[in-house]
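Every chain is numbered from 1, with letters handed out A, B, ... down the list of sequences.
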Number of protein chains: 2
Amino acid sequence: MVADTSETTARGSAGAATCTPSLTAAPLGEAEAVALARVLSALADPVRLRLVSIVSAAGEVCSCDLEGPLARSQPTVSHHTKVLAEAGILVGEKRGRWTWWRLSPGCLADLRQALGG
Amino acid sequence: MVADTSETTARGSAGAATCTPSLTAAPLGEAEAVALARVLSALADPVRLRLVSIVSAAGEVCSCDLEGPLARSQPTVSHHTKVLAEAGILVGEKRGRWTWWRLSPGCLADLRQALGG
DNA sequence: GGCTGATATCGATCGTTGTCAATAGGATAC
DNA sequence: GTATCCTATTGACAACGATCGATATCAGCC
């Protein structure tokens with residue numbers, strides 16, 4: 001048990017950058033631009049950038065360990081994790097009372113590629 | 001001649017992502033996060049993404065050739081080019097009555113690297 | 001000089017978003 | 001069951017940003 005209790009990812013929302021064509025290749029279509037902008041918007045916040053870097057460095061982080069380093073209230077931290085999860089950047093897993101967050105594998109790589117990598 | 005008539009770049013504003021450490025390496029500092037967020041914010045808009053992709057595909061584009069493809073008014077296009085220039089993503093050069101825009105060399109590569117490349 | 005055309009700025013509007021206090025939801029411990 | 005703890009949601013407010021019409025600035029032409 002434990003395994004996959006309930007992937008809080010909200011995968012249904014944004015497909016992330018998962019098959020975005022390169023920015024620098026050809027003129028972006030309207031829909032592609034909107035999809036890419038959604039992922040970039042999720043990252044375009046200092047608090048969320050630091051949140052992602054903390055998760056990335058630690059591999060896996062509990063929500064309760066984010067309030068301190070980010071110097072934000074619990075609702076605000078919850079809000080930011082939700083935004084990042086809806087963008088497909090973070091994956092949340094509930095274990096008991098705690099929610100553990102980790103990076104969605106390949107997401108940042110996809111984003112880099114969309115940026116002309 | 002011609003050369004550098006007047007680099008409208010507004011280089012004085014944001015240093016771009018020019019020496020941002022990797023997001024995935026260590027926890028980002030406050031200032032670094034703010035700097036990176038500024039560049040990402042500039043890109044986190046569908047209109048600006050398409051603008052960048054148009055410039056990237058064409059190499060160099062006149063302002064007057066952006067209104068049509070972007071389906072936005074002239075003041076709005078001017079606003080977006082200004083935002084991108086202040087973020088260090090676009091470089092503008094005035095030649096006569098026209099302003100020509102091109103990508104700031106290395107900027108996107110720097111950004112990709114900051115994203116953990 | 002004045003006229004025309006390209007771009008930038010100003011002002012206003014309106015939707016979005018970051019933030020927190022208060023509250024609700026859920027899981028564990030007693 | 002009740003208490004306790006962690007997380008999510010709600011509601012409100014302030015700040016930001018995308019957009020456009022009107023106007024200003026500036027370069028070239030007559």
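Leu111(B) contributes atom CG, which lies 5.0 Å from atom CG of Leu115(A) (distance to the nearest 0.5 angstrom). Rounded to the nearest 0.5 angstrom, Arg72(A) CZ and Leu51(A) CG are separated by 11.0 Å. Rounding to the nearest 0.5 Å places CG of Leu43(B) at 8.0 Å from CZ of Arg48(B).
Within the 4.0 angstrom heavy-atom criterion, base atoms lie near Ser78(A).
Dashed line: the shortest gap from a side-chain N or O of Lys82(B) to OP1 or OP2 of dT7(C) is not under 4.0 Å.
A salt bridge is defined here as a Lys NZ or Arg NE, NH1 or NH2 lying under 4.0 Å from an Asp or Glu carboxylate O, and Arg102(A) with Glu93(A) meets this definition.
Distance, Arg97(A) CZ to dC6(D) C1': 7 Å, rounded to whole Å. Glu67(B) has its CD atom 11 Å from the P atom of dA8(C), to the nearest Å. The CH2-P distance, from Trp100(B) to dA27(D), rounds to 18 Å in whole Å. Rounded to a whole Å, the NZ atom of Lys94(B) is 18 Å from the P atom of dG5(C). The interatomic distance linking Arg38(A) (CZ) with dT16(C) (P) rounds to 13 Å, in whole Å. To the nearest angstrom, C1' of dA6(C) lies 16 Å from CD of Glu93(B). The CZ-P distance, from Arg95(B) to dA6(C), rounds to 16 Å in whole Å. Between Glu86(B) atom CD and dA8(C) atom C1' the separation is 12 Å, expressed in whole Å.
Every residue was checked against the salt bridge (Lys or Arg N to Asp or Glu O under 4.0 Å) condition with Glu67(B), not counting sequence neighbours, and none meets it.
Shortest non-hydrogen contact noted between Leu28(A) and Ala33(A) is CD2-CA, 4.0 Å.
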Quick tally for nucleotides 18-24 of chain D: nucleotides whose base has a protein heavy atom under 4.0 Å get B, sugar-phosphate-only ones S, the rest -, giving SBBBB--
